K.L.:
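Just dropping this structure here.
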Number of protein chains: 2
Amino acid sequence: MKHQKPYEPSHGLELGDFRMTKQRQVVYDVLMAKLDHPTASEVYSRTVTLMPTISLATVYNCLETMTQCGLVKQVNLDRAPSRYCANLKEHAHFYCEECGEVTDLELKSGVKSTNAWKLPRGSRVDHVEAAIKGVCPACTRSKN
Amino acid sequence: MKHQKPYEPSHGLELGDFRMTKQRQVVYDVLMAKLDHPTASEVYSRTVTLMPTISLATVYNCLETMTQCGLVKQVNLDRAPSRYCANLKEHAHFYCEECGEVTDLELKSGVKSTNAWKLPRGSRVDHVEAAIKGVCPACTRSKN
DNA sequence: GTGAATGCAAAACCTTTGCAACTGG
DNA sequence: CCAGTTGCAAAGGTTTTGCATTCAC
């Protein structure tokens, strides 16, 4: 069985041998420029306008590396292509079934993200991934 | 943009034209027989021992159809192959990074699954998907 | 200088699909 | 009977990989 790599805390940012190449810089800039949740190919489309020679494979590599380093987060909703997100604070994702937008939901203060669930005593929690599907306020309003 | 199909409540089980074929029966039986979280190909491996002529594509079709009907749930963790689950009560999933097992976490009573997150006023919530990664009690114990 | 990263194309992987044959109600 | 389902093989779309070239440190 192929296990996940153990989750690396995103603060601390242990970059190790991380080399800041031009490509990585552009990919990172693109992610920071617009805090929506682009897929790898959307990131590619945006980077290619800034650096026409970059390849899709490199974008994938950069996103993977940055995910490992904790610079960005990979967001997976169902089987859809992964999206990437530069918001490093703990948060959930809201997926609007009408407009397809993904927005971040902050954690309420003083609350643990696991607090709704019965965790067996003795579990160690490393990471919580919460996705909420529904209809966003804007789409709810425009529906009638 | 290709949207999700709207989420269908799993109670009520509107089966519509659903035809209980031998293949679907076997797939369903296999899922009920062991409430772990097999992937499509694990389901295939198990069904094939009971019905050697079944094809992998049919297993995928059956799982898809049953997911639509609300008979089973599709569980997606990261980019790993989808797993399937016959537990229809609202629950979260715990993924153990040591042993790779996926277990169900019940919702605490009197609590909403969204309660940790700041939902914008006016959002409609249809469905919550929560995945918790960590180390299960058994693996935590055996580590030292 | 040297190991790491890139770019390209090809492969890998999970999943879906087209279609003729079959079957459940 | 006949729409819905199967099985097969082939295609689909996303992501990864092998390898020669280039580059950051």
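Just the heavy atoms: all of them, side chains too, but no hydrogens, waters or symmetry mates, feed the values below. Below, chains carry the letters A, B, ... as their sequence lines are ordered, and counting in each starts from 1. Treat the numbers as computed from the prediction; the structure is a model and nothing was measured.
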K.L.:
Answer with base, sugar-phosphate or nothing: what part of the nucleic acid does A:Ser82 contact at a heavy-atom distance below 4.0 Å?
P.N.:
sugar-phosphate

K.L.:
Hey, which of these two, A:Ile54 or B:Asn76, hits DNA chain C nearer its 5' end, going by closest nucleotide?
P.N.:
A:Ile54

K.L.:
Which one, D:dT15, C:dC14, D:dT17, comes nearest to the side chain of B:Pro81?
P.N.:
C:dC14

K.L.:
Do B:Asp104 and B:Lys89 sit within salt-bridge range, that is, some charged N less than 4.0 Å from a carboxylate O?
P.N.:
no

K.L.:
Look at the side-chain N and O atoms of B:Arg24 and state whether any lies under 4.0 Å from the OP1 or OP2 oxygen of D:dT5.
P.N.:
yes

K.L.:
In terms of hydrophobic clusters joined by side-chain contacts under 4.5 Å, are A:Leu119 and B:Val135 together?
P.N.:
no

K.L.:
Identify whether any heavy atom of B:Thr39 sits under 4.0 Å from a base atom; if not, whether one sits that close to sugar-phosphate; answer base, sugar-phosphate or nothing.
P.N.:
nothing

K.L.:
D:dT15 phosphate, OP1 or OP2: any side-chain N/O from B:Arg79 under 4.0 angstrom?
P.N.:
yes

K.L.:
If you only use heavy atoms from C-beta on, which nucleotide in C:dG7, C:dC14, D:dT15 is closest to the side chain of A:Ser55?
P.N.:
C:dG7

K.L.:
Please tell me if the side chains of A:His91 and A:Glu106 come closer than 4.5 Å, counting only heavy atoms from C-beta onward.
P.N.:
no

K.L.:
Contact class for B:Thr53 vs. all strands (heavy atom < 4.0 Å): base, sugar-phosphate, or nothing?
P.N.:
sugar-phosphate

K.L.:
Does a salt bridge link B:Asp29 with B:Lys34, judged by any charged N lying under 4.0 Å from a carboxylate O?
P.N.:
no

K.L.:
Think A:Arg83 forms a cation-pi with A:Tyr95, using NZ or CZ under 6.0 Å from the six-ring centre and within 45 degrees of its axis?
P.N.:
no

K.L.:
Write down the distance between CD (B:Gln74) and C1' (C:dC14), rounded to a whole number of angstrom.
P.N.:
11 Å

K.L.:
According to a hydrophobic-cluster definition based on side-chain heavy atoms being under 4.5 Å apart (Ile, Leu, Val, Met, Phe, Trp, Tyr only), do B:Leu50 and B:Tyr84 belong together?
P.N.:
yes

K.L.:
Could you tell me the separation between the CD atom of A:Glu42 and the C1' atom of D:dG13, rounded to a whole number of Å?
P.N.:
15 Å

K.L.:
From CG of B:Leu63 over to P of C:dC14, roughly how many Å is that when rounded to an integer?
P.N.:
15 Å

K.L.:
Roughly what angle, to 10°, lies between the helix axis at the start of the helix from C:dG1-D:dC25 to C:dG25-D:dC1 and the one at its end, five pairs per end?
P.N.:
50°

K.L.:
Within less than 4.0 Å of OP1 or OP2 of D:dT15, is there a side-chain N or O belonging to A:Tyr60?
P.N.:
yes

K.L.:
What's the separation between atom OG in A:Ser113 and atom NZ in A:Lys108, rounded to the nearest 0.5 Å?
P.N.:
13.0 Å

K.L.:
Do B:Phe94 and B:Leu107 belong together in a cluster built from hydrophobic side chains that touch within less than 4.5 Å?
P.N.:
yes

K.L.:
Taking atom C1' of C:dC14 as reference, at what distance in whole Å does atom OH of B:Tyr44 sit?
P.N.:
15 Å

K.L.:
Can you identify which nucleotide, out of D:dT17, C:dT17, C:dT16, has its nearest atom closest to the B:Asn61 side chain?
P.N.:
C:dT17

K.L.:
Between A:Glu64 (side chain only) and A:Asn61 (backbone N and O only), is there a donor and an acceptor less than 3.5 Å apart?
P.N.:
no

K.L.:
Provide, to the nearest angstrom, the distance between the CG atom belonging to B:Leu56 and the C1' atom belonging to C:dT17.
P.N.:
14 Å

K.L.:
Once you round it to whole Å, what is the distance between C1' of D:dT14 and CG of A:Asp78?
P.N.:
15 Å

K.L.:
For every nucleotide of nucleotides 20-25 of chain D, 5' to 3': is a protein heavy atom under 4.0 Å from its base (B), only from its sugar-phosphate (S), or from neither (-)?
P.N.:
----BS

K.L.:
What integer distance in Å separates A:Gln25:CD from C:dT6:P?
P.N.:
12 Å

K.L.:
When rounded to the nearest 0.5 angstrom, what is the spacing between CE in A:Met66 and OH in A:Tyr28?
P.N.:
7.5 Å

